[in-house]
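Here the structure comes first, spelled out in structure tokens, and everything after it is commentary.
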Amino acid sequence: MNAFIVLAHPEPHSFNGALVRAAQDSLRSVGHGVVLSDLYTMRFDPVSDRRNFASVKNSEFFKQQIEEMYATEVHGFAPDVEAELRKMEACDLMIWQFPLWWFSLPGILKGWVDRVFAMGRTYGGERFYENGVFKGKRALISLTTGGPGEVYVKGGWNGDIHAILRPIQRGILRFTGWEVLAPNIVYAPVHLSDEQRQASLDAWAARLRAIETEQPIEVGEF
Ligand SMILES: Cc1cc2nc3c(=O)[nH]c(=O)nc-3n(C[C@H](O)[C@H](O)[C@H](O)COP(=O)(O)OP(=O)(O)OC[C@H]3O[C@@H](n4cnc5c(N)ncnc54)[C@H](O)[C@@H]3O)c2cc1C
């Protein structure tokens with residue numbers, strides 16, 4: 001199996017960084033290939049506009065999805081976008097590792113999605129949800145929070161974490177055809193003991209060693 005990990009954290013020695021290193025070691029230990037896009041280290045440009053393209057369909061008026069469909073036709077994506085598209089297309093399992101920022105993805109990862117999930121190449125025509133472009137491939141989001149687990153329940157202080165994650169799991173991943181696996185969530189790593197943090201790294205590594213046989217989840221509706 002080929003795994004593609006996308007990391008969005010500005011500090012390599014963060015707990016998010018540790019989760020990625022655990023994932024890489026674990027997946028490789030059972031023979032899977034791992035490709036990593038460490039967005040901050042790559043200095044990935046998250047701003048989406050004409051820079052996404054080497055080709056131009058309409059130089060007078062920029063409409064991103066029109067340019068995306070044209071770039072799909074003429075192989076006209078900018079090299080940084082094309083490289084990420086190829087990594088997604090080549091993988092069987094994609095993992096996003098990020099800290100929850102403002103109930104959502106960090107901007108650099110949202111910008112990566114805005115630029116890389118291009119119309120024509122990653123969705124469009126009849127290709128959505130169960131008939132999506134990435135049908136048969138699996139995706140898993142792995143995140144950390146500042147708040148503890150008890151505030152992320154329905155009716156709780158911050159509300160149901162699964163509802164918070166639905167725009168990502170349904171609106172991006174399922175929309176483009178990925179089979180979504182259960183999220184890996186480490187709540188408030190800052191407030192855990194070293195032993196608890198090590199236990200969550202070990203549990204993540206153990207889960208990934210057996211990931212090939214895991215079944216997808218229902219991401220829910222709105
Ligand atoms: C802009 C912004 C918006 C935010 N929005 C939200 C929000 O909406 N909801 C919310 O809940 N939180 C929010 N937060 C908080 C954020 O989600 C957490 O700070 C983050 O998830 C914690 O993960 P980390 O990797 O940064 O932890 P770190 O602070 O890097 O690590 C936590 C602890 O783990 C230790 N550690 C590192 N490596 C290892 C290792 N190998 N083994 C054991 N221990 C290790 C570190 O030393 C540290 O003590 C926000 C933060 C920011 C900056």
Side-chain angles (χ1 to χ4, degrees), residues 3-30 32 34-48 93-116 139-174 180-211 217 219-220 222:
F4 173 36
I5 304 177
V6 183
L7 169 62
H9 197 292
E11 171 53 59
H13 300 295
S14 63
F15 194 64
N16 274 261
L19 284 161
V20 161
R21 286 188 291 280
Q24 286 176 300
D25 292 349
S26 167
L27 289 164
R28 286 184 179 138
S29 76
V30 288
H32 301 311
V34 183
V35 169
L36 172 67
S37 280
D38 176 348
L39 300 182
Y40 278 94
T41 301
M42 291 159 68
R43 304 189 72 79
F44 183 81
D45 180 354
V47 178
S48 190
L93 169 69
M94 177 168 73
I95 299 172
W96 292 354
Q97 180 65 58
F98 59 94
L100 190 69
W101 279 8
W102 294 114
F103 280 34
S104 188
L105 301 172
I108 198 167
L109 179 52
K110 178 56 166 52
W112 181 87
V113 173
D114 291 346
R115 297 187 68 210
V116 174
L140 192 174
I141 59 174
S142 175
L143 59 139
T144 58
T145 67
E150 55 268 28
V151 306
Y152 281 108
V153 294
K154 197 168 183 189
W157 194 58
N158 282 349
D160 182 3
I161 190 70
H162 300 292
I164 291 169
L165 299 179
R166 200 160 292 140
I168 305 167
Q169 296 194 313
R170 179 182 172 87
I172 303 170
L173 296 170
R174 196 71 197 113
V180 177
L181 302 182
N184 178 51
I185 308 173
V186 182
Y187 292 103
V190 171
H191 297 297
L192 298 179
S193 65
D194 269 336
E195 292 69 30
Q196 287 170 318
R197 282 193 290 259
Q198 189 56 51
S200 69
L201 291 170
D202 292 344
W204 176 224
R207 180 181 169 192
L208 289 175
R209 279 194 292 276
I211 200 77
I217 58 164
V219 293
F222 287 101

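Start at 1 with the first residue, then count along the sequence. Order of listing sets the numbers, starting from 1, for every ligand and every atom in it.
Of the polar atoms of Trp102, at least one N or O is found under 3.5 Å from an N or O of ligand 1, judged by distance alone. The N/O atoms of Gly147, backbone and side chain alike, include one that comes under 3.5 Å of an N/O atom in ligand 1. Inclusion of Asn158 in the set of residues having an N or O under 3.5 Å from an N or O of ligand 1 is not warranted. The distance criterion of under 3.5 Å between nitrogen or oxygen atoms is met by Gly146 with respect to ligand 1. At least one N or O atom of Phe103, backbone or side chain, sits closer than 3.5 Å to an N or O atom of ligand 1.
Of all atoms in ligand 1, numbered sequentially from 1 with element shown, those under 4.0 Å from a heavy atom of Asn16 are 23 (O), 24 (P), 25 (O). Below 4.0 Å from some heavy atom of Pro99 lie the following atoms of ligand 1, by number and element: 20 (C), 21 (O). Of all atoms in ligand 1, listed by their number and element, those nearer than 4.0 Å to a heavy atom of Leu201 are 40 (C), 41 (N), 42 (N). The distance from ligand 1 to the heavy atoms of Val190 drops below 4.0 Å at these ligand atoms: 29 (O), 32 (C). Close approach of ligand 1 to Thr144 is summarised as follows: ligand atoms under 4.0 Å from at least one heavy atom of the residue are 17 (O), 20 (C), 21 (O), 22 (C), 23 (O). Shown in contact with His13 at under 4.0 Å from a heavy atom are these atoms of ligand 1, numbered in order with element: 37 (C), 38 (N).
With hydrogens left out, the protein atom closest to atom 35 (C) of ligand 1 is Arg197 NE, 3.4 Å, a heavy atom. The protein heavy-atom contact nearest to atom 13 (C) of ligand 1 is Leu100 O, 3.1 Å.
Under the 4.0 Å distance rule, the nearest protein heavy atom to atom 31 (O) of ligand 1 falls inside the cut-off. Distance check for atom 19 (O) of ligand 1: every protein heavy atom is found at 4.0 Å or beyond.
If you look at Tyr152 next to ligand 1, the close heavy atoms, those under 4.0 Å, all belong to the side chain. Contacts between Ala18 and ligand 1, counted as non-hydrogen atom pairs separated by less than 4.0 Å, involve the side chain only. Residue contacts with ligand 1, taken as heavy atom pairs separated by less than 4.0 Å, involve His9 solely via side-chain atoms from C-beta onward.
Side-chain contact between Phe15 and Leu19 is present, with at least one heavy-atom pair separated by less than 4.5 Å. When side chains are defined from C-beta on, His9 does not count as touching Pro106, because their heavy atoms never get closer than 4.5 Å. Within the 4.5 Å cutoff, the side chain of Arg207 has heavy atoms near those of the Leu181 side chain. Between Leu7 and Tyr40, the closest side-chain pair of non-hydrogen atoms is not below 4.5 Å. Contact of the Leu173 side chain with the Val219 side chain is not registered, since no non-hydrogen atoms from C-beta on lie closer than 4.5 Å. Under the 4.5 Å side-chain criterion, counting only non-hydrogen atoms from C-beta, Val30 is not in contact with Ile211. A 4.5 Å side-chain heavy-atom check between Gln97 and Val6 finds every atom pair outside the cut-off.
Looking at Lys110 and Asp114, a side-chain N of the basic residue comes within less than 4.0 Å of a carboxylate O on the acidic one, giving a salt bridge.
Relative orientation of the Trp96 and Trp112 rings is perpendicular, given thresholds of 30° and 60° on the angle between their planes.
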Hey, mind stepping through Ile185 and Leu165 against side-chain contact (heavy atoms from CB on, under 4.5 Å) and telling me if it holds?
CA-CA 11 Å; Ile185 308 173; Leu165 299 179; 4.1 Å; yes
(Q) Assess the residue pair Thr145 and Tyr152 against the criterion (side-chain contact (heavy atoms from CB on, under 4.5 Å)); give the C-alpha distance rounded to whole Å, side-chain angles, the decisive distance to 0.1 Å, and a yes or no. (A) CA-CA 10 Å; Thr145 67; Tyr152 281 108; 4.1 Å; yes
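Remark: among candidates Tyr187, Phe15, Trp101, the nearest residue to atom 4 (C) of ligand 1 is Trp101, based on non-hydrogen atoms.
Residue contacts with ligand 1 leave out Arg21, since none of its heavy atoms falls under 4.0 Å from the ligand.
Under 3.5 Å, the side chains of Asp194 and Gln198 contain no donor-acceptor pair of N or O atoms.
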